[in-house]
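What you see is a predicted model; the values in this text were computed from it and never measured. Convention: sequence-line order gives letters A, B, ...; per-chain numbering from 1.
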2 protein chains.
Amino acid sequence: MITIKDIAKEAGVSEGTVDRVLHNRGGVSKKTEAKIKTILDNHNFTVNPIASALAMKNKYSIAALIPEYNDSDLFWKAPYSGIIKGTEDVKTFGIKVNIFTFSQNTPNSYINTFNDLLDTKPSAVIMVPNFSEETEQIVSQLEASDIQYLFLNINIEGFNNIAFVGQDAYMAGYIAGKLMYLSSNKTAEFLIIQTRYNITKNNAISDRIRGFNDYFLKNNIQSDINTLKIENLNDSLETKEKINDYLVKHPETKGLFVPSSRIHVVVASLEKRDLQDIELVGFDNTPQNISCLLNDSVSFLISQKPFDQGYESIRLLSDYLLKNEIQSNMLYLPIDILTKENVRYNERNEFMYLDT
Amino acid sequence: MITIKDIAKEAGVSEGTVDRVLHNRGGVSKKTEAKIKTILDNHNFTVNPIASALAMKNKYSIAALIPEYNDSDLFWKAPYSGIIKGTEDVKTFGIKVNIFTFSQNTPNSYINTFNDLLDTKPSAVIMVPNFSEETEQIVSQLEASDIQYLFLNINIEGFNNIAFVGQDAYMAGYIAGKLMYLSSNKTAEFLIIQTRYNITKNNAISDRIRGFNDYFLKNNIQSDINTLKIENLNDSLETKEKINDYLVKHPETKGLFVPSSRIHVVVASLEKRDLQDIELVGFDNTPQNISCLLNDSVSFLISQKPFDQGYESIRLLSDYLLKNEIQSNMLYLPIDILTKENVRYNERNEFMYLDT
DNA sequence: ACATTTTTCGTGTGCGCACACACAAAGGTA
DNA sequence: TACCTTTGTGTGTGCGCACACGAAAAATGT
């Protein structure tokens, strides 16, 4: 590993001078500055973040504002785990991470939790902009405090977030269309199951639906796709009734597309016979969904790689804090196709950091 | 933050003694040890990992022995890149990495390169056991020098390698079978294209073929699968002739399965008409193969995540050297299903570290 | 020419820990 | 008693960097 001392020796100056150009402290003549800079990037020099952290005595902290998870909705456990792993990786660089979770359904919780977060005066923030109006409030406070922020999983336009880490929802839906088409024997009579929650709050869902439909449009495939709106997927009675009603009226339906992470709820409300005849494609590798994959109820799941989202967010923000650079401001993670057969190899990290 | 010095002062001993009980180095009287220990957990003391990392600055080195890549076979560029990225991550812990590449077809190169490697006296080795007999030689030398080694990408039984990082080839083939079945409209008249090289040297290939066939067996799908052996896939004349010969005799063939990374060669030797009518499924996200995906010649590729293989190998060995523990001795990476649509999101890392 | 300001640069110290080394006291052997 | 071994403990150095301090060199003023 090449050190400041090495650079200084090669440039024929002292370590202090190299330090000055490294941190743009000024007070260095043009000539020597230029000389040092070329040597610096000849060697591709980066400061040793460990030594740096030690000398600076822990300057940075990252705060994360994400939805909480519970037994019935485990999706957010994975980003949480990813953040924990990232935290492990960067704590030797003197970067502390604090995670704040809010209730996914109550805007107030979002705001209140954020206020707690702000009290800790973080150097940068990872946040899931779950509610658009409240996000505007939050962002304006962040910008007033000159704190950089990154959007995780959900992307909303019109903000100065330093980056977005997540998935291309449109393309993920498009691929879902392809998988549906293939697994249903290249027929095209499908049903999309949407919930009220999806409709209003989360435009990733509508992007997925758009992508799904576009697959058939762009490939000139004659299709017959309907949408069924269900108020509350957690209301199993309503869900069961509406879906089965529909299926009785449309017995030729070959596939169900559930553009949210709650396909396991749909599975639970389907008749056995329908489960066999109809192909299901959905999103997200939550434990419940994975069981549905494994017992052949669901044909394909598309994973957003939520663990990686958490992990990469931390790494990205750390790089920003330490080196003042961002590798990418739109970090689209892979669109992961899960089947019964490969799913177990994708679970390695997801839940390993939170066994308690 | 409470430091070792503080503890020492409170216990009325020197920092060295505190250090001894912290690391169970022994040579401390029962009495003072007990005293220090209570003070330690009265204050809930944990060592500052930053200072610790800096002070340890182990002078470990990892050597990697992997096949070289060239313009016609770029597969090994990705593990190389992954290793480079891993190197970046661990260099601050005082771990150096040296990469040695050998010619994939000449056992002598394997041995000779290894000897160069051994001269650098590495603390641990990442190797691709490309030739079984020669691997025995190499391994015995490593064991004589008491150097731990890890197998990357290719797994051979019967050695004391500390771990294997790669893919479950059987299951990958099994999934290839599924994808082939789905994309060919659930018919099952396929051809597997094998080369001499595959047959003798690399049992990952035969595992894939086994998995491919098993998909149809285990799911009770009537299938008609033949195998075509081609001496040298680089001989485009032979390849073209044999394949087209076969296809003329078996016009009902619905799919070609190429269990190696050289599906692009097969594509190049197919007639346009056949390319349209026949589904191709192959392995590995090399640039050539990806072009075939993008121009619709190939339906699916299964990626071994070669970049991650390199990266994870470094991380795994580093953990071993630093903490003397291994998280897993069989690290099966995800079986990545690539399509025209999602491939671009999977390329982020693959070739970014070697633009030169 | 000299004094004074400004620019440019080198030196020294400490961050908290790991680890090699030195060294004293206590115990054992002939 | 003289000598050696064992046990227990303190000291010193370096990891690579950030940053304060001070000093030399150059520029400016009189």
Side-chain angles (χ1 to χ4, degrees), chain A residues 1-37 39-40 43-60 90-96 123 318 321-324, chain B residues 1-37 39-40 43-61 88 90-96 321-324:
Chain A
M1 148 159 268
I2 181 148
T3 72
I4 288 185
K5 198 198 263 179
D6 300 326
I7 302 288
K9 200 187 302 173
E10 182 169 341
V13 298
S14 75
E15 300 176 40
T17 304
V18 176
D19 176 74
R20 283 181 190 91
V21 340
L22 273 177
H23 297 84
N24 297 312
R25 299 194 206 280
V28 181
S29 72
K30 298 259 183 218
K31 210 174 55 182
T32 55
E33 173 165 358
K35 185 175 179 184
I36 291 175
K37 275 194 171 163
I39 295 181
L40 240 27
H43 291 75
N44 238 312
F45 178 87
T46 50
V47 294
N48 180 336
I50 296 178
S52 176
L54 183 61
M56 290 200 295
K57 295 206 60 169
N58 296 330
K59 252 166 73 175
Y60 300 120
V90 303
K91 82 174 177 199
T92 55
F93 304 149
I95 297 179
K96 285 213 183 343
S123 325
S318 299
L321 291 174
L322 295 175
K323 306 178 196 164
N324 221 37
Chain B
M1 151 161 268
I2 178 145
T3 73
I4 287 185
K5 198 197 260 179
D6 300 327
I7 302 288
K9 203 188 299 174
E10 181 170 341
V13 297
S14 74
E15 301 177 39
T17 304
V18 176
D19 176 75
R20 281 181 192 92
V21 341
L22 272 176
H23 297 84
N24 298 312
R25 299 193 207 280
V28 182
S29 72
K30 299 261 183 216
K31 211 173 53 182
T32 56
E33 172 164 0
K35 185 175 179 184
I36 290 175
K37 275 192 171 163
I39 296 181
L40 241 27
H43 291 76
N44 239 312
F45 178 87
T46 51
V47 294
N48 179 339
I50 301 172
S52 176
L54 185 61
M56 284 213 274
K57 196 88 185 36
N58 302 280
K59 301 207 184 293
Y60 293 125
S61 72
E88 286 297 310
V90 302
K91 79 175 180 198
T92 55
F93 297 116
I95 297 180
K96 282 214 187 340
L321 291 174
L322 296 176
K323 307 177 197 163
N324 221 36

- Query: In whole angstrom, what separates B/Glu33's CD from D/dT7's C1'?
  - Reply: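 For the pair B/Glu33 CD and D/dT7 C1', the rounded distance is 14 Å.
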Sequence-distant partners of B/Thr46, side-chain hydrogen bond (donor to acceptor under 3.5 Å, both in side chains), two or more places apart: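 Result, side-chain hydrogen bond (donor to acceptor under 3.5 Å, both in side chains) vs B/Thr46: none returned.
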Looking only at heavy atoms, what is the nearest atom pair of [X] and [Y], with distance?
X: A/Tyr60; Y: A/Ser123; result: CA-OG, 3.3 Å
X: A/Phe45; Y: A/Leu22; result: CE2-CD1, 3.8 Å
X: A/Thr92; Y: B/Ile50; result: O-CG1, 3.5 Å

With B for base contact, S for sugar-phosphate-only contact and - for none (protein heavy atoms under 4.0 Å), nucleotides 23-28 of chain D reads ------
Notebook entry, point to check: Is there a residue in residues 5-21 of chain A whose heavy atoms reach under 4.0 Å of DNA chain D, and which residues are they?
Noted result: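 Correct list: A/Asp19, A/Arg20.
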Original post:
Using a cut-off of 4.0 Å on non-hydrogen atoms, how would the nucleic acid contact of B/Leu54 be classed: base, sugar-phosphate, or nothing?
Top reply: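 Since a base atom lies under 4.0 Å of B/Leu54, the category is base.
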Pick base, sugar-phosphate or nothing for B/Phe93, based on heavy-atom distances below 4.0 Å to the nucleic acid.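 If one applies the 4.0 Å heavy-atom cut-off, B/Phe93 turns out to touch nothing in the nucleic acid.
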**Message:** Suppose we screen for salt bridge (Lys or Arg N to Asp or Glu O under 4.0 Å). Which residues come up paired with B/Lys9, at least two apart in sequence or across chains?
**Reply:**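 Here no residue qualifies.
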Practice prompt. Apply side chain to side chain contact (heavy atoms under 4.5 Å, CB included) to the pair B/Asn48 and B/Thr3, showing each step before the final yes or no.
Written response: CA-CA 8 Å; B/Asn48 179 339; B/Thr3 73; over 6 Å; no
At the 4.0 Å heavy-atom cut-off to chain A, mark where contacts on DNA chain C begin and end, going 5' to 3'.
->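 Terminal contacting nucleotides, 5' to 3': C/dT8 to C/dG16.
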For this session: State, to the nearest 10°, the angle formed by the axis through the first five base pairs of the helix from C/dA1-D/dT30 to C/dA30-D/dT1 and the axis through its last five.
Result: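 So the angle between the two local helix axes works out to 60°.
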